[in-house]
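Note sheet for the following structure.
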Amino acid sequence: MLVLSEQIKHDIATHAESTYPNECVGLLLGLIDGDSKVAVAVHPVENRWQGQVTLADTDDATSQRDRFYLDPRDYLAADRAARNQSLDIIGCYHSHPDHPAVPSERDRIGSQSAGGGISFSFVIQSVQAGQATEIASWLLMDNGQRFVAEPITEPET
Ligand SMILES: [Zn+2]
């Protein structure tokens with residue numbers, strides 16, 4: 001499961017609202033504690049999608065409304081930031097402007113290189129008409145074949 005404090009959820013929601021109607025993207029830094037991942041900090045990164053992949057089914061290949069690109073250099077910078085705080089990258093997050101917090105087929109294919117399993121969460125923040133709404137976390141299982149919902153809990157006080 002993934003442990004998200006009110007502060008972390010607020011940080012993700014604020015980032016997602018700020019990039020609306022485009023998708024935001026970032027990484028979650030934290031600790032692995034038994035079978036839970038505890039998010040300690042968010043590491044926003046720039047959505048660098050600029051039409052790296054041209055799809056025949058899209059009219060605007062450079063739109064960031066339904067896709068994001070996480071640059072490997074940004075990932076490495078986040079990894080350094082994590083290590084400096086004795087943390088690990090425990091997942092990533094992105095927003096779904098005017099769509100539910102459910103991964104798309106594009107997300108599944110685009111996430112293959114991130115690996116999967118229970119040690120890496122894919123958090124999706126839905127934004128409806130500019131307002132952050134539901135948030136959900138997903139695990140990429142079966143060698144990237146499918147996303148499975150992951151429970152989100154509050155930290156114990
Ligand atoms: Zn998505």
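Keep in mind it's a predicted model, so treat the numbers as computed, not measured. Counting convention: from 1, in listed order, for ligands and their atoms alike. Count residues from 1 along the sequence. All values below were derived from every heavy atom in this structure, side-chain atoms included, with hydrogens, water molecules and symmetry-related copies excluded.
Between the side chains of D107 and H94, at least one donor-acceptor pair of N or O atoms lies under 3.5 Å. No side-chain donor from either of S95 and Q125 sits under 3.5 Å from a side-chain acceptor of the other. Between the side chains of K37 and S119, no donor N or O sits under 3.5 Å from an acceptor N or O. Remark: the Q131 side chain and the T133 side chain contain no N/O donor-acceptor pair separated by less than 3.5 Å.
Environment of CG in L139: crowded, with over 12 heavy atoms of neighbouring residues, nucleotides or ligands closer than 6.0 Å.
Between Y93 and H15, the ring-plane angle classifies as perpendicular under the 30° and 60° cut-offs.
Around the Zn ion (ligand 1), the protein N, O or S atoms found under 2.8 Å comprise H94 NE2, H96 NE2, D107 OD1, D107 OD2.
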